[in-house]
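Notes follow once the structure below has been shown.
Residue numbers start from 1 in every chain, and the chains themselves are labelled A, B, ... in the order their sequence lines are given, proteins ahead of strands.
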Protein chains: 2
Amino acid sequence: MAPSCVASVPIFSGLEPSAQEAIAERLVHRAFAAGEVIALPGDAPALRVVHSGRMRQSRASDTGVEQLLRILAPGDFTGQGAVLTGRREAHTTTAMSAVTVCQLTAADLAAVLREQPGVALGMLVEVSERLTAAEEQLAAITGQSVMSRLGQYLAALAASAGSDTIVLPMTKRDLASFLGTTPETLSRRLRRLEDERLIEQRPGGVIRVRAADALAAVQ
Amino acid sequence: MAPSCVASVPIFSGLEPSAQEAIAERLVHRAFAAGEVIALPGDAPALRVVHSGRMRQSRASDTGVEQLLRILAPGDFTGQGAVLTGRREAHTTTAMSAVTVCQLTAADLAAVLREQPGVALGMLVEVSERLTAAEEQLAAITGQSVMSRLGQYLAALAASAGSDTIVLPMTKRDLASFLGTTPETLSRRLRRLEDERLIEQRPGGVIRVRAADALAAVQ
DNA sequence: CGTATTCTTGAAGCCAGTCAAAAACGGTGG
DNA sequence: CCACCGTTTTTGACTGGCTTCAAGAATACG
C-alpha cells in the first residue's frame, strides 16, 4: 500500500521511483472511521494526504459559528499552513466517510522539500489555487446575497458534473455553512429557486438544474 | 538599482549572488504614480514584487461591491495565482503612493523556479500564510459582527505597533471594505467604541486604544 | 482659500438570523 | 417488511444588525 499511496498523490506522483520510495519510508498511514476527528485546532503540525475517503475541514469563529472551508478528496493534502509556518493547527478536520491518510511530520516534510524541490512547486500551485478560491469566496460573501451564492454554486456544480442532474456532495447543513449562512435560510432559498422554476429538488440531495444560465445570474 | 532590488526581496534575498544576478537580468522595473492602476482583472499573468511604496489589491464581486483583500508593502509579491495556474489576473491592483515594482513574466518565473528551487519554497511559505489569513477572515465575516471584527482589527494593530496610539494604514473607506462592511456602518461602530471608552479618535485616522483587551473581546 | 473627497449622521427598510416546532428522511432491529 | 427513533430538513413568526439613500460636516489637497 505504501508505494501506491505516494504514486497516487499528485504532489509526489511526478517524482522518480527512488525519490518516491524515500518519501514512502517517512510516511505514516492512519485510518479513521466515518465521523471521527482527524485533527483539532492546537494539534501539532503535520502534512496529511488523503489516500481514500473524504474529509471535511472547518474553522470556528470566536463566537463558535462554524465555517466549512473545504472538502478533501483522495490526493488532496492539508496541514501545510501549520507545518510551513511552525504554528499549531488552526482547523478542525473530520472524516466524512471511512478515511485513510498518509501523514508526514513537520521535520520529515522539511527534509522532503529539501531533497525534492519539485514537491514545493507542486504544493505552491495547489495552495495558490486555494488562496484564489478563498479570496473569491470572501468577495462573494461580502458582496452577494445568499440567493446569488447558492445559484452560482449549483450552476458550477452542474457544469463540473457535465449534467443537469446533480447530487450535493455534502449535507444541506454543511452546504449552508460552506455558503456562509444557516440551514433555515438555505432551505428557504432552495424553495424559492424551485418556485422560480430554476431547479427541481428530489430526495437525497438530488437537484435537477432546469436553467443553469439563469441560476448563475440570480441576484 | 537592479541588484539591490533582488537582494531586498525576501523570496530572493537568500540566494547566492550569482543566482540573484541571473534573476535580476530577467526582472523588469516599472514605476507608478499614486492612484495609478497596476493590474486589472483579465490582465496577462505576471509576478510583481513591490520595491518601494504601497499598493492595494481588491476583488469585485459580481454585483460590483469591492472587497479589499490586502495592502502590499515593499518585499511583498503578487500575481502568483495567475502565473502558476495559467489563468488571467483576478484582482485589481492600484498604487496607494508612488510605487516601483520588479516584474517577472510567467515564462521567466517558470525558469527561475526551475533553476532556483529555494524560491518556490519561500513563495510557498508566504502563500500559505495568506491562505490561513484569508480563511480566518472568512470565518470572522460569517461568524462575527462588524463590531467584533473591528475591535479585533484595532487590537491587533495596536499589538503589532507596540503602542496604544495607532495610525490606520488606509482610509476608513478602505478599512470598511477590508472588514466586509460599508463606510457608514464603520463610522457608527467606531463611534460606539468611543462611547464605550474603548478607543479615542483623533483626526488623520489616529486612534488611541484605551483598553486593548476589552477591544479584542467586544461582541 | 476654495473645492473635491472623505467622513459622519439620520431615517427607513430589508435580508438574514434566531427560536421553536412540525415534517421528512434514513437507518435499524424486530 | 414495517414500525421506530434520531437526525436532518422545512416552515412559521419575529427580531435585529446592517445596508441604503440622502444630506450635512469635516478634512485634505492643490
Open item on the list: Just N and O in the side chain of B/Thr181: are any of them under 4.0 Å from OP1 or OP2 of D/dT19?
Closed with: yes
TODO: Please work out if B/Thr171 contacts a base, only the sugar-phosphate, or nothing of the nucleic acid, heavy-atom cut-off 4.0 Å.
DONE: sugar-phosphate
Open item on the list: Please determine whether side-chain contact (heavy atoms from CB on, under 4.5 Å) holds for the pair A/Glu36 and A/Thr94, giving the CA-CA distance in whole Å, both sets of side-chain angles, and the decisive distance to 0.1 Å.
Closed with: CA-CA 6 Å; A/Glu36 216 174 329; A/Thr94 57; over 6 Å; no
Task: Closest to side chain of B/Ser145, choosing from C/dT6, D/dT10, D/dC18 - done: D/dC18
- [ ] Spell out yes or no: do the side chain of B/Glu184 and the base of C/dC7 have one donor N/O and one acceptor N/O closer than 3.5 Å?
- [x] no
Task: Integer-rounded Å distance: D/dG17 P and B/Arg192 CZ - done: 7 Å
Open item on the list: Tell me the interatomic distance from A/Arg189, atom CZ, to D/dT9, atom C1', rounded to whole angstroms.
Closed with: 16 Å
Open item on the list: Taking only side-chain N and O atoms of A/Arg191, does any of them lie within less than 4.0 angstrom of OP1 or OP2 on D/dT11?
Closed with: yes
Task: Phosphate OP1/OP2 of C/dC7: any B/Ser187 side-chain N/O under 4.0 Å - done: no
Task: No-H, no-angle donor-acceptor pair, B/Arg188 side chain to D/dT20 base, under 3.5 Å - done: yes
Open item on the list: How many whole angstroms separate atom CG of B/Asp174 from atom P of C/dT5?
Closed with: 15 Å
Open item on the list: What contact category does A/Gly180 fall into here, base, sugar-phosphate, or nothing, at under 4.0 angstrom with non-hydrogen atoms?
Closed with: sugar-phosphate
Task: Gap between atoms CG and C1', on B/Leu179 and D/dC18 respectively (whole Å) - done: 14 Å
Open item on the list: Less than 4.0 angstrom between a side-chain N/O of B/Lys172 and OP1 or OP2 of C/dT8, yes or no?
Closed with: yes
- [ ] Indicate, with a heavy-atom threshold strictly under 4.0 Å, whether B/Gly205 touches base, sugar-phosphate, or nothing.
- [x] nothing
Open item on the list: Are there over 12 heavy-atom neighbours, none belonging to A/Arg208, within less than 6.0 Å of that residue's CZ?
Closed with: yes
Open item on the list: How long is the straight-line distance from CD1 of A/Ile38 back to CG of A/Asp43, given to the nearest 0.5 Å?
Closed with: 11.0 Å
TODO: Starting from C1' on D/dT9, measure out to CD on A/Glu194 and report it in whole angstrom.
DONE: 13 Å
Task: Heavy-atom neighbours of B/Arg173 CZ exceed 12 at 6.0 Å - done: no
Task: N or O in side chain of A/Gln201 less than 4.0 angstrom from D/dT10 OP1/OP2 - done: yes
Task: A/Arg130 charged N/C atom sitting above A/Phe77 aromatic ring, 6.0 Å / 45° - done: yes
- [ ] Rounded off to whole Å, could you give me the CG-to-P distance for the A/Leu190 and C/dA24 pair?
- [x] 17 Å
- [ ] Would you classify A/Gln144 as touching base, sugar-phosphate or nothing, given that sugar-phosphate means primed atoms plus P, OP1 and OP2, and contacts are heavy atoms under 4.0 Å?
- [x] nothing
